[in-house]
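What follows is one structure encoded as structure tokens, with my remarks underneath.
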There are 2 protein chains.
Amino acid sequence: MVEPKSSRQRSKTQDQHIYEEIFDAILEQRLWPGTRLKEESLGEIFGVSRTIIRRTLSRLAHERVAVFEPNRGAFVAEPDISDARQILDARRLMELAIVERVAERASSIKGEFKKLYDLIEQEHKSSAAADKGTAIRLSGEFHLELARLSGNKPLEGFLHSLVPQTSLIIALYQAKEGSRCAIDEHSRLLDALKLGDAEEAKCLMGEHLDHIEERLALDESPGNRNLAKVFGRRAEKAGA
Amino acid sequence: MVEPKSSRQRSKTQDQHIYEEIFDAILEQRLWPGTRLKEESLGEIFGVSRTIIRRTLSRLAHERVAVFEPNRGAFVAEPDISDARQILDARRLMELAIVERVAERASSIKGEFKKLYDLIEQEHKSSAAADKGTAIRLSGEFHLELARLSGNKPLEGFLHSLVPQTSLIIALYQAKEGSRCAIDEHSRLLDALKLGDAEEAKCLMGEHLDHIEERLALDESPGNRNLAKVFGRRAEKAGA
DNA sequence: GACTGACAAATTGTATACAATCTACCTATC
DNA sequence: GATAGGTAGATTGTATACAATTTGTCAGTC
């Protein structure tokens, strides 16, 4: 039997729901960097007042996934190249620390690996169905679930902010399309983790992150930037 | 000549001001873990409506320095022993990464070390004046300034959340009084950093954190806990 | 035609009103 | 006296009204 939730308990989960909708849209790259997040529009979409939307946006802003421009409202963040380097540097630090901790705890959390295998399987399916958005999101969720299994809530929280920011960086700076290898990398990483092999797991995670970064064009010289992306984004904005 | 700020620009800095007042009060241990943060009272103190206070509290809640209890309001966080271990673990990871990055950049940010020396000097003065609260806060600010000099904004942000949380942990679990050595540790760390000696700096930071943790009573068995603290806190609450 | 200024519309920022909920106290009952 | 129930007051949660600001448009001027 389901507990009859009071209207205010319901609203708390609704808050979370709105947040996750926007979060997922960013992970799936349906929401492009720079997109304006108009409070009233979002309020109408989700059937709540601006108060609630504003709280959600403030959470996203705190996680640096959105930014508030004074008197102009909230926008999906557009990390510049310097931001991108810092974010990826921080993410590497976190991810290595996380796999280290998961490997250490491997024997005591054996039952909890199931969700990771499920995520990999779903990733395979989405990839086979050429559902790129879902595949990207699931890849992010794999990393977030790993963070949860680290048993360290602050680290989990930090990664929760870094994963969508990485998604924005990929949207802005990815030069080459991603090969299908990412899923296999997740698989091999998980195998090493189950064995509690911290060194191997850290090595695999490091390579995994290398592969993500290799596909980015993060040099300062504007000449090397992908012009199609630059103008493509303008076109996207105008069309929306 | 000072720009005449509009009322809304002023309000933005006011926001920051309220946040810092509460943040500092926690660093200086004037605000004890578990203290209720009543919205209307804070609004009267700072001369703003609950809307503004609520935004500040929500920021503190994101940083895990405050917690919202549904329909009961916000309280200063009370990390339990498990939380404390995770926070200190995360903090060590961050601090070591930060000194590594500061040491790497040492030659290119030479002019920026001045503030750190100033902070150490102020720490000495507060310590000499037996102004314990200020001394603790300045110690925290030293670590935050270090984080700023790392040149990595995400890492700086994470540490900004971990420093006040550490303050709460010390308030709750410190068994032995801190010796005066901490300031000298900051001095020696800074010397190593200026020379760009990353290994030495990391070693010193590791020891510095060891010393903080050594003074805590973080074992699970309740019998070993400081009973005076447990009941002292109740008395404090009732008296407030 | 390009530029400036002013007005109108749209949007955000803040305060406040109202509803939902919790807390404390009091009373009735055993 | 202890306990359950119920009412009043205090407090939070949400929506909304209003003020401040920005943005877009359109005359008017050069």
Side-chain angles (χ1 to χ4, degrees), chain A residues 3-22 31 34-62 64-78 234 237-240, chain B residues 3-22 31 34-62 64-78 234 237-240:
Chain A
E3 277 291 307
K5 288 179 183 170
S6 77
S7 62
R8 292 176 101 167
Q9 282 176 309
R10 185 162 48 244
S11 75
K12 176 146 203 196
T13 64
Q14 190 181 41
D15 243 52
Q16 181 68 13
H17 169 250
I18 297 172
Y19 169 79
E20 283 172 4
E21 284 277 348
I22 300 177
L31 262 180
T35 305
R36 183 165 195 177
L37 300 167
K38 216 180 299 184
E39 298 178 1
E40 196 159 10
S41 309
L42 289 170
E44 280 169 19
I45 290 167
F46 293 108
V48 293
S49 78
R50 283 175 52 216
T51 307
I52 312 296
I53 297 299
R54 204 153 232 280
R55 185 162 60 222
T56 305
L57 293 177
S58 131
R59 180 173 173 190
L60 291 164
H62 191 259
R64 307 266 187 179
V65 172
V67 292
F68 274 104
E69 294 187 18
N71 292 315
R72 292 189 10 88
F75 298 79
V76 177
E78 299 181 277
R234 282 191 63 81
K237 265 182 180 170
Chain B
E3 276 291 307
K5 287 179 182 168
S6 78
S7 64
R8 291 176 103 167
Q9 281 175 309
R10 188 162 45 246
S11 76
K12 176 147 204 198
T13 65
Q14 190 181 43
D15 244 52
Q16 181 69 11
H17 171 250
I18 297 172
Y19 169 80
E20 284 173 5
E21 284 278 346
I22 300 177
L31 263 180
T35 305
R36 183 166 193 178
L37 300 167
K38 216 181 297 183
E39 298 178 1
E40 198 159 8
S41 309
L42 289 170
E44 281 169 17
I45 289 168
F46 294 108
V48 294
S49 77
R50 284 176 52 218
T51 306
I52 311 296
I53 297 299
R54 203 153 233 278
R55 184 162 62 222
T56 304
L57 292 177
S58 134
R59 179 172 173 193
L60 290 164
H62 275 137
R64 307 267 187 183
V65 172
V67 292
F68 274 103
E69 294 187 19
N71 292 317
R72 289 188 13 87
F75 298 80
V76 178
E78 298 181 278
R234 283 191 62 81
K237 265 182 180 170

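Here is the naming used below: chain letters follow the sequence lines, and residue numbers restart at 1 for every chain.
Rounded to a whole Å, the CG atom of A:N71 is 8 Å from the P atom of C:dT14. The interatomic distance linking B:L37 (CG) with D:dT11 (P) rounds to 14 Å, in whole Å. When rounded to the nearest whole Å, the span between CD of A:E44 and P of C:dA10 equals 13 Å. Atom CD in A:E69 sits about 12 Å away from atom P in C:dT12, given to the nearest Å. As a whole-Å value, the separation of A:F75 CZ from C:dT12 P is 8 Å. Distance CG (B:L57) to C1' (D:dT12): 11 Å, rounded to an integer number of Å. With rounding to whole Å, B:R50 atom CZ is found 14 Å from D:dA15 atom P. Here the C1' atom of nucleotide C:dA9 and the CD atom of A:E40 are 13 Å apart, to the nearest Å.
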Original post:
Given B:H62 and B:S58, is the side-chain contact (heavy atoms from CB on, under 4.5 Å) satisfied, shown in steps?
Top reply: CA-CA 6 Å; B:H62 275 137; B:S58 134; 4.1 Å; yes
Subject >> side-chain contact (heavy atoms from CB on, under 4.5 Å) assessment of A:L37 paired with A:L31 >> reply: CA-CA 10 Å; A:L37 300 167; A:L31 262 180; 4.3 Å; yes
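Within 6.0 Å of the CD atom in A:E20, the count of heavy atoms belonging to other residues, nucleotides or ligands exceeds 12.
Put simply, B:R72 has no side-chain N or O that comes within less than 4.0 Å of OP1 or OP2 on C:dT21. At the phosphate of C:dT14, OP1 or OP2 sits under 4.0 Å from a side-chain N or O atom of B:R55. Residue A:K38 has a polar side-chain atom (N or O) positioned under 4.0 Å from OP1 or OP2 of C:dT11. At the phosphate of D:dA15, OP1 or OP2 sits under 4.0 Å from a side-chain N or O atom of A:S49.
The B:E39 side chain lies nearest to D:dT12 when the options are C:dT21, D:dT12, C:dT12.
When side chains are defined from C-beta on, A:E21 does not count as touching A:I18, because their heavy atoms never get closer than 4.5 Å.
Summary of the strand contacts: B:R36 and A:I52 both lie near DNA chain D, and taking for each the nucleotide with the nearest heavy atom, the more 5' one is attributed to B:R36.
Note that CZ of A:F46 and OG1 of A:T56 are 8.5 Å apart. Values are rounded to the nearest 0.5 Å.
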